[in-house]
Amino acid sequence: MPHGSGHRTDPRSPATTPAPIDPDIAWAAFTRRDRAHDGRFVVTVSSTRIYCRPSCAARRPRREHVGFLADGAAARAAGYRACRRCLPDDVARDAAAVTRALALLDDAGRTWTLAELAAAVGYAPHHFQRLFTRVAGISPAGYARDRRVARAATVLQAEGKVTGAIYAAGYASPSRFYADAAALGMTPAAWASGGADQRVAWCVLPTPLGALLVAQTARGLCHVGFDEAAETLAALLPAATLVAADARERAGATRWVKAAVPPDAALPEARRRALFLATMRAAAKAAV
């Protein structure tokens with residue numbers, strides 16, 4: 001998230017200089033209406049004196065009329081006004097609302113309806129459903145399911161009791177838990193035992209957000225994590241048999257990575273990584 005206007009730079013420290021905007025990369029993002037670049041810069045149009053998001057749906061102006069500035073404040077200082085179609089100044093507000101909603105959904109102590117969640121962050125329900133899905137890459141309900149099964153996996157590992165994990169994770173009934181438990185890649189009982197009798201194949205793959213450890217069983221994806229190695233997997237599933245993924249398994253993992261949706265660049269880096277993993281887990285579960 002960008003600093004607010006009240007942020008001060010310590011005069012004893014060198015000022016932080018924003019990364020320069022590559023005009024060729026920015027123009028390419030603008031021509032393809034790339035939402036991933038919203039919040040990274042704004043597009044100025046000299047012929048109309050407006051500035052837009054890179055993803056603005058309006059007809060593209062001629063290249064010689066287009067420029068790129070760091071943000072809306074810089075554009076307004078240069079004499080441009082915000083586009084009324086794409087509302088570029090709402091990027092930060094939208095990202096803040098989604099970040100707040102993510103924090104609410106992380107709470108195991110409460111289940112949120114869409115109407116309650118939208119009201120809590122100041123949006124209308126249907127508009128927020130579209131906004132959340134666009135920014136996060138997954139729906140609010142999909143993210144809530146992902147968090148519940150992740151909490152259940154943590155409790156299973158710590159306590160080894162399936163019934164306790166169901167309710168500690170926020171499930172109202174065992175049936176809903178078992179429907180989601182496919183994301184574990186093994187039965188809940190096997191997960192609770194540390195992966196006993198499970199063959200777990202792993203590989204490390206590149207992604208737009210960093211190197212990613214992907215582990216799978218014959219049932220599907222069982223673990224995924226950034227900046228992790230086989231040692232992490234061994235600690236998580238000490239009773240499992242760990243093997244390097246073969247060509248077929250690596251190809252399947254690559255498909256899951258490609259199916260994951262990179263979240264909006266305006267979100268904090270930690271949130272972007274967590275959401276990328278959530279969308280990947282959803283893609284892997286859908287492929288089973």
Side-chain angles (χ1 to χ4, degrees), residues 105-109 138 142-207 209-257 259-260 270 273-288:
L105 292 171
D106 285 342
D107 181 4
I138 191 171
Y143 180 75
R145 283 193 299 273
D146 183 79
R147 291 297 83 212
R148 281 195 298 270
V149 75
R151 287 192 293 266
T154 298
V155 177
L156 282 171
Q157 182 188 20
E159 300 180 5
K161 297 179 181 179
V162 176
T163 302
I166 292 173
Y167 296 105
Y171 285 96
S173 68
S175 61
R176 183 66 266 175
F177 166 70
Y178 282 104
D180 288 347
L184 296 174
M186 61 188 75
T187 65
W191 186 272
S193 71
D197 300 322
Q198 299 295 307
R199 175 187 180 275
V200 177
W202 66 273
C203 59
V204 176
L205 298 175
T207 79
L209 297 174
L212 187 66
L213 175 73
V214 183
Q216 60 188 293
T217 67
R219 290 185 175 218
L221 182 69
C222 68
H223 178 71
V224 61
F226 281 106
D227 303 325
E228 293 182 355
E231 292 78 10
T232 307
L233 198 58
L236 182 68
L237 297 169
T241 300
L242 306 185
V243 299
D246 61 25
R248 179 187 61 81
E249 291 161 336
R250 191 178 184 91
T254 300
R255 285 193 296 273
W256 297 333
V257 168
R273 281 185 156 201
L275 286 165
F276 186 90
L277 299 185
T279 62
M280 182 178 168
R281 284 188 287 262
K285 182 180 177 183
V288 174

Exercise: identify the closest heavy-atom pair between Ile138 and Gly142: CD1-C, 3.6 Å
Closest approach of Ala283 to Ala259 (non-hydrogen atoms, all atoms of both residues): CB-CB, 3.6 Å
Side chain to side chain donor-acceptor pair (under 3.5 Å) contacts touching residues 234-254 (sequence neighbours left out): Arg199-Glu249
Pairwise distance CH2(Trp202) to CG(Leu242) - rounded to 0.5 angstrom: 9.0 Å
List, one per line, each side-chain donor-acceptor pair under 3.5 Å for residues 177-186, sequence neighbours excluded.
residue, atom, partner, partner atom, Å
Asp180, OD1, Arg176, NH2, 3.1
Asp180, OD2, Tyr171, OH, 3.0

Closest heavy-atom pair and its distance - Pro188, Val162: CB-CG2, 4.1 Å
Any Arg281 side-chain heavy atom under 4.5 Å of Asp146 side chain: yes
Validation row: Trp191, Leu236 side chains within 4.5 angstrom (heavy atoms): yes
Shortest non-hydrogen contact from Cys222 toward Val200: SG-CG1, 3.8 Å
Test side-chain contact (heavy atoms from CB on, under 4.5 Å) applied to Thr207 - qualifying residues, sequence neighbours left out: Leu209, Leu212, Phe226, Val257, Phe276
Ala286: partners by side-chain contact (heavy atoms from CB on, under 4.5 Å), with sequence neighbours left out: none
Heavy-atom pair of closest approach, residues Ala201 and Ala245: CB-CA, 3.9 Å
Sequence neighbours excluded, every pair satisfying side chain to side chain donor-acceptor pair (under 3.5 Å) that has a member inside residues 210-227: His223-Glu228, Asp227-Arg273
Closest heavy-atom pair and its distance - Leu221, Ala215: CD1-O, 3.4 Å
Main-chain N/O of Asp106 paired to Arg151 side chain as donor or acceptor, under 3.5 Å: yes
